[in-house]
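Have a look at the structure below, then the notes.
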Amino acid sequence: MPDIVLIGGGVIGLSIAYELANRGASVRVLDQGPFGQESSWAGAGMITPGNPLVAKSPETRLRAESFILWPDWAARLREESGIETDFSRCGGIELSPERSASDIAAVAAKFQSEGVRAELIGSHELRELEPHLNPELGDAVYLPDYCQVRNPRLLKALLAACAARGVELSPGLPVIGFDRGGQRVTSVRTPTETIAAGQFVVCSGAWSQSVLAQAGCSIRVEPVRGQIVLLEVLPLPTHRILEVGSRYFVPRADGRLLIGSTEEHVGFEKRNTAGAVAELIRFGNDLIPSLKTARFERCWSGLRPGSPTGLPYLGRVPNSDNLFVAAGHFRAGLMLSPITAVLLRQLLLGETPDLALSGMMLAQ
Ligand SMILES: Cc1cc2nc3c(=O)[nH]c(=O)nc-3n(C[C@H](O)[C@H](O)[C@H](O)COP(=O)(O)OP(=O)(O)OC[C@H]3O[C@@H](n4cnc5c(N)ncnc54)[C@H](O)[C@@H]3O)c2cc1C
């Protein structure tokens, strides 16, 4: 019998499994499909900088604590799996096509107040940094510490590192029910097996609400669809992440350029729409005119696990001694995966959590 069963093998479940296995726990991860093919695969892999010495709000603290874990986390995964995740400090620029100078100055001030390096630059400096951008763009904020990871490779590295650490990986095994004895979950049911364990974690992404409902627990996690367009552009017109609010460009080292993304509340309908793809391409062409001749490679969509506050649920489920949740990371699950793994490891192994999780946890 495993010490801990994780329900969901996206970036959150696999990162927790890897962290627990590193401490000698016996872990089994169940996924209803193949591992790491949902939101975690579909994401863009942007890792926004943070500074734990200055961050104060729950969101900025969680982000900052995760940010400083990333370089070591990526290096360990590369060493243990032999797979390069392409984690890099590529830098980023927040652009302002439809924003006033005071709005973009406020963006710079917000990052600076969090202790993050952020420089307000004028259109002349922007053109020097990014000569392929539309020359009509005005002031911008340069964020030299912005990072990225190539998430499909991150998932492969996590899977390989988990397997090497003895994690039992069970794809194609949906959890369809929980057995309880008083305050404890004794086992989870799947179509073919009933699986007993000491502790259980629901990390089922956008499906976490319905999974936890089977255990009699109510949380609000809603799928929020995001669509992405992938172009091949050689040479790349930028090597930095370029953001305009919720829209962005993410360049990959091999000449791919991601253009994202939408935020759509359409239930579990994972597909692309002509309107959204056209809109993303138009956005791309407006900001980087040379993209008009780029090769359209493909498009995809994913279902982000949206929570009411945008912050994840992390912690023990009320009225359950041994059932935990790590879900609802919305737009930040890749970025927050290392700190989520560390916090859940601390909670599951009875250690004192590094961060005060008030506002994020259901119960201590
Ligand atoms: C277009 C897009 C762009 C994004 N960009 C970024 C970004 O740049 N940076 C960032 O940090 N985040 C980004 N995100 C968000 C990020 O991808 C998510 O927050 C993160 O992947 C959530 O991980 P997860 O493991 O909780 O969910 P998922 O990856 O969805 O994994 C959940 C897993 O649970 C399994 N499951 C569900 N129900 C059951 C069941 N009953 N039994 C067993 N298994 C089950 C599913 O099959 C799935 O594999 C983006 C997301 C999208 C869609």
Side-chain angles (χ1 to χ4, degrees), residues 5-17 28-48 62-63 66-67 70 92 146-152 154-155 158-159 170-178 188-191 195 200-215 221 223-230 241 243 246-250 258-264 268 270 272 276 280 299-307 310-314 325-341:
V5 161
L6 303 169
I7 305 162
V11 75
I12 298 299
L14 293 174
S15 300
I16 298 170
R28 184 168 178 187
V29 192
L30 317 176
D31 201 292
Q32 64 184 359
F35 285 107
Q37 292 301 303
E38 293 293 347
S39 188
S40 303
W41 183 91
M46 294 180 289
I47 298 167
T48 314
L62 207 52
R63 162 157 52 87
S66 208
F67 182 71
W70 259 106
Y146 224 122
C147 294
Q148 66 158 295
V149 67
R150 196 140 179 183
N151 35 309
L154 170 69
L155 291 157
L158 279 168
L159 273 170
S170 304
L173 212 52
V175 167
I176 53 171
F178 290 77
V188 287
R189 273 175 273 127
T190 74
I195 301 160
F200 300 84
V201 184
V202 173
C203 37
S204 319
W207 295 264
S208 299
Q209 177 172 322
S210 56
V211 172
L212 268 170
Q214 296 169 22
V221 175
V224 183
R225 185 169 72 193
Q227 302 191 43
I228 287 195
V229 164
L230 183 71
I241 291 170
E243 278 196 286
S246 62
R247 295 272 196 272
Y248 49 78
F249 299 90
V250 181
L258 280 72
I259 308 179
S261 182
T262 56
E263 266 186 30
E264 301 164 86
F268 286 91
K270 196 176 71 168
N272 285 104
L280 289 170
C299 54
W300 64 79
S301 74
L303 301 172
R304 303 181 188 92
S307 73
L311 282 173
Y313 292 91
L314 302 173
V325 59
H329 292 73
F330 191 37
R331 294 185 75 117
L334 295 159
M335 177 168 85
L336 298 180
S337 52
I339 191 65
T340 300

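Counting starts at 1 for both ligands and their atoms, following the listed order. Position 1 is the first residue of the sequence; numbering continues from there.
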Which residue pairs satisfy the side chain to side chain donor-acceptor pair (under 3.5 Å) criterion with at least one member in residues 34-47, sequence neighbours excluded?
-> E38-K270
Taking only residues two or more places apart in sequence, or in another chain, which ones meet P223 in a side chain to side chain contact (heavy atoms under 4.5 Å, CB included)?
-> A206, F268, L303
Output all residues satisfying side chain to side chain contact (heavy atoms under 4.5 Å, CB included) with N151, sequence neighbours left out; order by chain, then residue number.
-> R252, L334
Anything with a heavy atom under 4.0 Å from ligand 1 counts, so go ahead and list those protein residues by chain and number.
-> I7, G8, G9, G10, V11, I12, L30, D31, Q32, E38, S39, S40, A42, G43, A44, G45, M46, L173, P174, V175, S204, G205, W207, V211, G226, I228, Y248, S261, G302, R304, P305, H329, F330, R331, A332, G333, L334, M335
Which heavy atom of G8 sits nearest a heavy atom of V29, and at what distance?
-> O-CG1, 3.6 Å
Distance-only polar pair, side chains of T48 and R63, donor-acceptor under 3.5 Å | no
Evaluate side chain to side chain contact (heavy atoms under 4.5 Å, CB included) for R189 paired with Q214, printing each intermediate quantity in order.
-> CA-CA 10 Å; R189 273 175 273 127; Q214 296 169 22; over 6 Å; no
